[in-house]
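Residue numbers begin at 1 in each chain, while the letters A, B, ... track the order of the sequences. We use all heavy atoms of the structure for the numbers below, so side chains are in, but hydrogens, waters and symmetry mates are not.
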Number of protein chains: 2
Amino acid sequence: MSEQGNGTGKTEDNTVFIGRKDTMDYVTAVVTQFKAGSDEVIIRARGKAISRAVDVAEIVRHRFIREAVVKDVRIGTEAMVSDQGESTNVSSIEIVLAR
Amino acid sequence: MSEQGNGTGKTEDNTVFIGRKDTMDYVTAVVTQFKAGSDEVIIRARGKAISRAVDVAEIVRHRFIREAVVKDVRIGTEAMVSDQGESTNVSSIEIVLAR
């Protein structure tokens, strides 16, 4: 599992976790991963950020890394536990971009 | 291409288009399609509704149609033309649930 990581959403394992920042911040993070030599970048999101994850993938492959293709899209459900110990389910997505 | 169709988002070709209604309205629409004998239901959404589409697919297969699996997830970009003739791009998703 990847973690939120730093401000641009990058983590060490070529995964970019999408949060509440500007879409273009995450686009930059993904493009940076490719420019650094990665052949595959995984874009992950939960809940309402899922729509933004799709935006990021589409912008990257149409505007910046034209040779990138959507290798896989996985959806799932994750259990989130609140500070009060309550568990709720949230949808998740993983988009694998590869070149 | 499917159209928005009636209030529950159903169309004739086993496609449920996700809009701004309650998530459970679309869950019901998908479940109804399966109960009516469909072996495959396609959940489609654009823009911010993409997150809700994933919620719908996950709720259907975890709570209602346990034998349903995610057969395919496709993401894309569609051009939308406003009444003023301006064209903007919007991300889209198609989730194929099958049993």
Honestly curious: do B:V31 and B:I43 fall in one hydrophobic cluster under the side-chain, below-4.5 Å linking rule? yes
Has A:E58 got a side-chain atom pairing as donor or acceptor with B:T77's backbone, closer than 3.5 angstrom? yes
Applying the 4.5 Å side-chain criterion to the ILVMFWY set and letting contacts propagate, would A:F34 and A:Y26 be lumped into a single cluster? yes
Between A:I95 and chain B, with a heavy-atom cut-off of 4.5 Å, which part of the residue counts as in contact: side chain, backbone, both or neither? side chain
Value for OG (A:S51) from CD1 (B:I93), rounded to nearest 0.5 Å, stands at 8.5 Å
Once you round to the nearest 0.5 Å, how far does CD1 of A:I50 lie from CG of B:D55? 6.5 Å
If you count heavy-atom pairs under 4.5 Å between each of B:N89, B:D72, B:V73 and chain A, which one has the most? B:V73
Is there a path of hydrophobic side-chain contacts, each under 4.5 Å between heavy atoms of I, L, V, M, F, W or Y residues, that connects B:V16 with B:V96? no
Above 12 or not: heavy atoms from other molecules or residues under 6.0 Å from CE of B:M24? yes
Verify the cluster assignment for A:V70 and A:V27: are they in a single hydrophobic cluster under the rule of side-chain heavy atoms below 4.5 Å apart? yes
Region of A:V54 in contact with chain B, defined by heavy-atom distances below 4.5 Å: both
Starting from A:V69, can I reach A:I59 by hopping between I/L/V/M/F/W/Y residues whose side chains sit under 4.5 Å apart? no
Per-residue contact mode, A:A53 against chain B (heavy atom under 4.5 angstrom): neither
What part of A:R61 gets closer than 4.5 Å to chain B, counting heavy atoms only: side chain, backbone, both or neither? side chain
